[in-house]
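Structure first, commentary second.
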Protein chains: 2
Amino acid sequence: MAQKNRLKYILLGLLKDKSQTGYDLTKSFESDIGEFWTANHSQIYPLLKRMEAERLIDHKTSLVGEKLQKKEYFITETGSHTFEKWLKSPSEIDTIHDEFILKLYFIDDPQSVLLKQMITSQQSYHRDKLVHLKMQFKEKFPSSKQIKQHFGHSLVLRHAIEREQGYSDWLNEIYKTIK
Amino acid sequence: MAQKNRLKYILLGLLKDKSQTGYDLTKSFESDIGEFWTANHSQIYPLLKRMEAERLIDHKTSLVGEKLQKKEYFITETGSHTFEKWLKSPSEIDTIHDEFILKLYFIDDPQSVLLKQMITSQQSYHRDKLVHLKMQFKEKFPSSKQIKQHFGHSLVLRHAIEREQGYSDWLNEIYKTIK
DNA sequence: CCGTACATGTAACCCGTTACATGATTAA
DNA sequence: TTAATCATGTAACGGGTTACATGTACGG
C-alpha cells in the first residue's frame, strides 16, 4: 500500500450523512470540506466506482429531465463499518508543505530586501484568509444550536481561524523586527 | 505541468550552500529541513540526474576508499539563477492535510466518547512535538549570533513552535469543555 | 569479523492535477 | 437562444512512498 487514500473516508463520511451523486460530492469540496481538503471530479468519479466494487457504497440511477441519468450513491453496512474503524484508528501526521516557509528557510540575511517583500505579500494573503474564515464561522455557526449539531465542524473551523491568527501574528512580529 | 516539484528547489538551496552527494542531501531530510519537508533517496537520486541534464547542477566523482565512488554535486550558474527566480516567485499555498482535523470534522456529537480518546492522543503527540522543537531551537540557536547567520531558519523554527503551541492550546481548550 | 554507516541505484504503485471529452437541463 | 449549471466520464503525467537490489568502508 503506497499512500493513504483519505479521500475514500471523506466520501464515506459525506455519504453517511446523506445519499449524493458524484457531482454533489465534488461540489462539497468547493465549500465546507474545501477548507480542509481538496478533490476534483476526475478523482472522485473513478474512486466511487472502485468503492462500489469494494461494496463500501452502492447506487441507484434516477432521471433528472427526460434523458439525463444521475447516480445517487449511498453507503452500505460495510461502508459504515469501514468509516467507523477509520475514525477509531490512530491519525498519522503529515509534514506541512508550505512553500513560503520553505523559501524562508533559505534566507540567511535579516536585512534582505527580498525578505520584506515576501513578508508583506504573505501578510495580505493570511489577513484575507482570516477574514474569510471568520465569516464562514459566523455563517455556519450563528448560535450554539448549530455548534451542538455539528460540534466537530465548529472545532475545526475555530482551529483554522486560530491558526491563521497565529500565522498573521508571527508575520507581523517579523515585520516589526526587520523594517 | 502537473505538479510543483519543490524538491528541486530544496536541492538547489542545499547545494548552493555547499557541494554534497545524494547521500548527504538525503540525510539532511532527517534533521534540519526534515522538520519542514520529507524526501527519500529513491526520489533524490533520479531527480539529481534530471537536474544535471537540465544543467542546473553538475558533479565530480571522487573515491572514498579504494573502490567506492561518490558523486559530489555542485550548483551551476544556471542553477543559482533558477533558485533565485524561485525565491522571488509568488508562493502558492496548499491546503493543509491533517488527518485528525478531517476525522474531527465528521464528529457531530460533543458528548462522543471517541472524541475524548482522540483529543487525549493528539494532546500527547503535540506536547511531545513542542518539546522536540523547543530543544531543536535551543541547540541550533543558542545565541543571537546563530540567528543572525541563519535568520530564515530561526524564523521557521519559531513558527513551528508557535504553531504547535497553538495546536496544544486549542486541544486543551476542547478537552476542558467536553470533560 | 561483523554490524553499522556510507553510497547509489531501479521498479511498482498510488495519489492528485490538468486537460480532454461529451451531453442534458434550466433560467434569463 | 444562449449561457451557466448539472452530470459523468477518461487520459496523460508528475510527485511521493515502499520495496527491491547491490556493494564498500570503517570502527569495535
Side-chain angles (χ1 to χ4, degrees), chain A residues 1-11 19-31 33-34 36-54 57 59-73 92-97 99 102, chain B residues 1-11 19-31 33-34 36-54 57 59-73 86 92-99 102:
Chain A
M1 128 202 26
Q3 237 98 318
K4 330 258 169 157
N5 205 357
R6 270 120 188 207
L7 183 56
K8 182 161 92 174
Y9 300 105
I10 298 175
L11 297 181
S19 302
Q20 290 178 78
T21 65
Y23 187 83
D24 295 331
L25 291 163
T26 301
K27 272 205 309 176
S28 51
F29 286 91
E30 282 158 24
S31 56
I33 196 116
F36 320 108
W37 216 269
T38 51
N40 304 307
H41 79 277
S42 57
Q43 201 184 354
I44 291 170
Y45 285 117
L47 181 52
L48 286 169
K49 284 198 170 177
R50 256 159 52 217
M51 287 167 68
E52 190 171 7
E54 288 177 60
I57 56 174
H59 82 272
K60 52 174 185 276
T61 307
S62 64
L63 275 173
V64 179
E66 289 190 330
K67 286 183 180 178
L68 188 60
Q69 293 191 345
K70 66 174 180 182
K71 292 183 179 176
E72 192 101 7
Y73 284 96
E92 276 162 62
I93 282 97
D94 304 347
T95 53
I96 292 163
H97 286 191
E99 193 174 25
L102 208 50
Chain B
M1 125 199 33
Q3 238 97 320
K4 329 259 172 157
N5 204 359
R6 270 122 188 205
L7 183 55
K8 181 161 93 174
Y9 301 105
I10 298 175
L11 296 181
S19 303
Q20 290 177 78
T21 64
Y23 187 83
D24 295 330
L25 290 163
T26 301
K27 271 205 309 178
S28 53
F29 287 90
E30 282 157 23
S31 55
I33 196 114
F36 319 109
W37 215 269
T38 51
N40 306 307
H41 80 276
S42 58
Q43 199 184 355
I44 291 170
Y45 286 116
L47 181 53
L48 285 170
K49 285 198 170 176
R50 256 160 51 216
M51 288 167 70
E52 191 172 5
E54 288 177 61
I57 56 174
H59 81 273
K60 52 173 186 279
T61 307
S62 64
L63 275 175
V64 180
E66 290 190 330
K67 287 184 183 175
L68 188 60
Q69 294 191 345
K70 66 174 180 182
K71 293 184 179 176
E72 193 102 8
Y73 284 98
W86 173 68
E92 277 162 60
I93 283 95
D94 305 346
T95 54
I96 292 163
H97 285 193
D98 182 324
E99 192 174 25
L102 207 52

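Numbered from 1 within each chain, the chains take letters A, B, ... in sequence-line order.
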Salt-bridge test for B/E99 and A/K4: reply yes if a basic N is under 4.0 Å from a carboxylate O, no otherwise.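 So B/E99 does not pair with A/K4 through a salt bridge.
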Using 0.5 Å steps for rounding, measure from the CD1 atom of B/I96 to the CD1 atom of A/I96.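 B/I96 CD1 to A/I96 CD1: 5.0 Å, rounded to 0.5 Å.
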A/E54 CD to A/L47 CG distance, which is reported to the nearest 0.5 Å: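 With rounding to 0.5 Å, CD (A/E54) is 8.5 Å from CG (A/L47).
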What is the distance from [atom1] of [X] to [atom2] of [N], rounded to the nearest Å?
{"X": "B/D94", "N": "C/dT17", "atom1": "CG", "atom2": "C1'", "answer": "12 Å"}
{"X": "A/H41", "N": "C/dG16", "atom1": "NE2", "atom2": "P", "answer": "16 Å"}
{"X": "A/E92", "N": "D/dG16", "atom1": "CD", "atom2": "C1'", "answer": "14 Å"}
{"X": "B/K4", "N": "D/dC13", "atom1": "NZ", "atom2": "C1'", "answer": "15 Å"}
{"X": "B/K67", "N": "C/dA7", "atom1": "NZ", "atom2": "C1'", "answer": "15 Å"}
{"X": "A/E66", "N": "C/dA24", "atom1": "CD", "atom2": "C1'", "answer": "11 Å"}
{"X": "B/L63", "N": "C/dC6", "atom1": "CG", "atom2": "P", "answer": "18 Å"}
{"X": "A/L47", "N": "C/dT17", "atom1": "CG", "atom2": "C1'", "answer": "15 Å"}

Does a side-chain N or O of [X] approach OP1 or OP2 of [N] to a distance below 4.0 Å, or not?
{"X": "A/Y23", "N": "D/dC6", "value": "yes"}
{"X": "B/K8", "N": "D/dG15", "value": "no"}
{"X": "A/Q3", "N": "D/dT17", "value": "no"}
{"X": "B/S42", "N": "D/dG16", "value": "no"}
{"X": "A/Y45", "N": "D/dT8", "value": "yes"}
{"X": "A/T38", "N": "C/dT17", "value": "yes"}
{"X": "B/K49", "N": "C/dT8", "value": "no"}

May I ask you to say what B/R50 touches in the nucleic acid, namely base, sugar-phosphate or nothing, with a heavy-atom cut-off under 4.0 Å?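 Sugar-phosphate contact only.
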Side chain to side chain contact (heavy atoms under 4.5 Å, CB included) between A/L7 and A/F29, intermediate numbers included: CA-CA 11 Å; A/L7 183 56; A/F29 286 91; 3.5 Å; yes
Of the candidate nucleotides C/dT18, D/dG15, C/dT10, which contains the atom at the shortest distance from the side chain of B/P46?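 Selected nucleotide: C/dT10.
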Let's see if you can work this out: which of C/dT25, C/dT10, D/dG9 has an atom nearest to the side-chain heavy atoms of A/K71?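 Among C/dT25, C/dT10, D/dG9, the one nearest the side chain of A/K71 is D/dG9.
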Can you label the angle between the A/H59 ring and the A/Y73 ring as parallel, tilted or perpendicular, going by 30° and 60°?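 Because their plane-to-plane angle lies in the 30° to 60° range, the rings of A/H59 and A/Y73 count as tilted.
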For DNA chain D, whose closest nucleotide is more 5', that of A/Y73 or that of B/L68?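 Its nearest nucleotide being more 5', the pick is A/Y73.
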Select from A/V64 and A/Q43 the residue whose nearest nucleotide in DNA chain D is closer to the 5' end of that strand.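 Taking each residue's closest nucleotide, the earlier one in sequence belongs to A/V64.
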